[in-house]
Amino acid sequence: MTGGGHPPFLVVGHLNKAHGTKGELYIWPLTDYPESHFFPGAVHIPGDENGENPSRTLPELTIESVRPYRKGFLASFAGVGDRTAAEQLRGRYLLRPFDTIDELADDEIFYHELLGATVVTVDGSTLGAVTEVYPVRPSHLLEVAGPDGDLLLPLNPRFVAEFDRERRRVVVDPPEGLLP
């Protein structure tokens with residue numbers, strides 16, 4: 001599963017803030033399958049300042065305990081025993097090796113596969129390239145930079161006709177009036 005241009009690591013969460021005095025951190029999940037990543041014994045790699053690569057200075061983090069909290073989780077990590085230690089991790093992204101990631105269902109797409117993908121309409125018009133994915137409800141939004149400016153397009157089955165992994169293309173069938 002690690003072929004096909006997949007990165008060695010995927011971002012699965014963000015350490016938003018320290019919680020309490022015993023070293024717990026609030027994790028904002030950045031995955032559709034949080035139960036696959038946030039459980040006792042799961043090992044996470046703190047990202048660098050940009051969240052793109054593993055940190056060169058911070059050790060791996062192993063979850064000791066985790067519990068749901070608001071729209072995320074509160075987790076304790078081995079070796080992080082107080083608020084001061086937790087504050088050192090605040091703002092970091094949590095990475096997992098790609099080979100620990102569950103297989104996707106046929107209609108699912110990894111975030112990194114969308115970035116840079118060409119967006120075309122079913123009639124063949126090129127709208128641009130995906131520059132960002134916004135995980136909002138009820139449907140994620142794709143920011144597409146094109147020759148006529150930026151567009152925000154919904155990423156949902158009624159709008160996306162096809163995702164071609166090999167060609168890195170998102171084929172959309174927009175309703176009348178959506179595009180300028």
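All values derive from a computational prediction rather than experimental measurement.
Criterion: ILVMFWY side-chain heavy atoms under 4.5 Å apart, direct or through other members. Under it, Tyr26 and Val12 are not part of a common hydrophobic cluster. No path of Ile, Leu, Val, Met, Phe, Trp and Tyr side chains, each step under 4.5 Å between heavy atoms, connects Val172 with Val122, placing them in separate hydrophobic clusters. Residue Trp28 is grouped with residue Val11 when hydrophobic side chains (ILVMFWY) are merged at heavy-atom distances under 4.5 angstrom, including chains of intermediate members. Hydrophobic clustering (ILVMFWY, side-chain heavy atoms < 4.5 Å, transitive): Leu25 and Val66 are in one cluster. Leu30 and Val43 are assigned to two separate hydrophobic clusters, defined by single-linkage of ILVMFWY side chains at heavy-atom distances under 4.5 Å.
Each of Arg90, Arg67, Arg83 was evaluated against Glu24; a single residue qualifies, Arg67, per the salt bridge (Lys or Arg N to Asp or Glu O under 4.0 Å) test. Of the residues listed (Thr126, Val170, Leu151), the one engaging Val119 in a side chain to side chain contact (heavy atoms under 4.5 Å, CB included) is Val170, and it is the only one.
Here the straight-line distance linking atom OG1 of Thr131 with atom CG of Leu114 works out to 11.5 Å at 0.5 Å rounding. With rounding to the nearest 0.5 Å, the separation of NE2 in His19 from NZ in Lys17 is 8.5 Å. Taken to the nearest 0.5 Å, the CG atom of Leu142 stands 4.5 Å off from the CG atom of Leu155. For the atom pair CZ of Arg96 and NE2 of His37, the computed distance is 6.0 Å after rounding to the nearest 0.5 Å. A distance of 5.0 Å separates CD1 in Ile63 from CD1 in Ile27, rounded to the nearest 0.5 Å. Atom CD of Glu60 sits about 10.5 Å away from atom CG of Leu95, to the nearest 0.5 Å.
Using the six-membered ring where Trp is involved, Phe38 and Phe73 have ring planes that are tilted, between 30° and 60° apart.
The shortest side-chain heavy-atom distance between Lys22 and Ser76 does not fall under the 4.5 Å cut-off. Counting heavy atoms from C-beta on, the side chains of Leu94 and Leu15 come closer than 4.5 Å.
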May I have the step-by-step check of side chain to side chain contact (heavy atoms under 4.5 Å, CB included) for Glu166 and Asp164, ending in yes or no?
CA-CA 6 Å; Glu166 283 68 44; Asp164 183 338; 3.8 Å; yes

**OP:** Just do the side chain to side chain contact (heavy atoms under 4.5 Å, CB included) check on Val160 and Val171 with the steps written out, would you?
**Re:** CA-CA 6 Å; Val160 175; Val171 181; over 6 Å; no

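A donor-acceptor pair is defined here as one N or O able to donate and one able to accept, closer than 3.5 Å; no such pair exists between the side chain of Asp173 and the backbone of Pro175.
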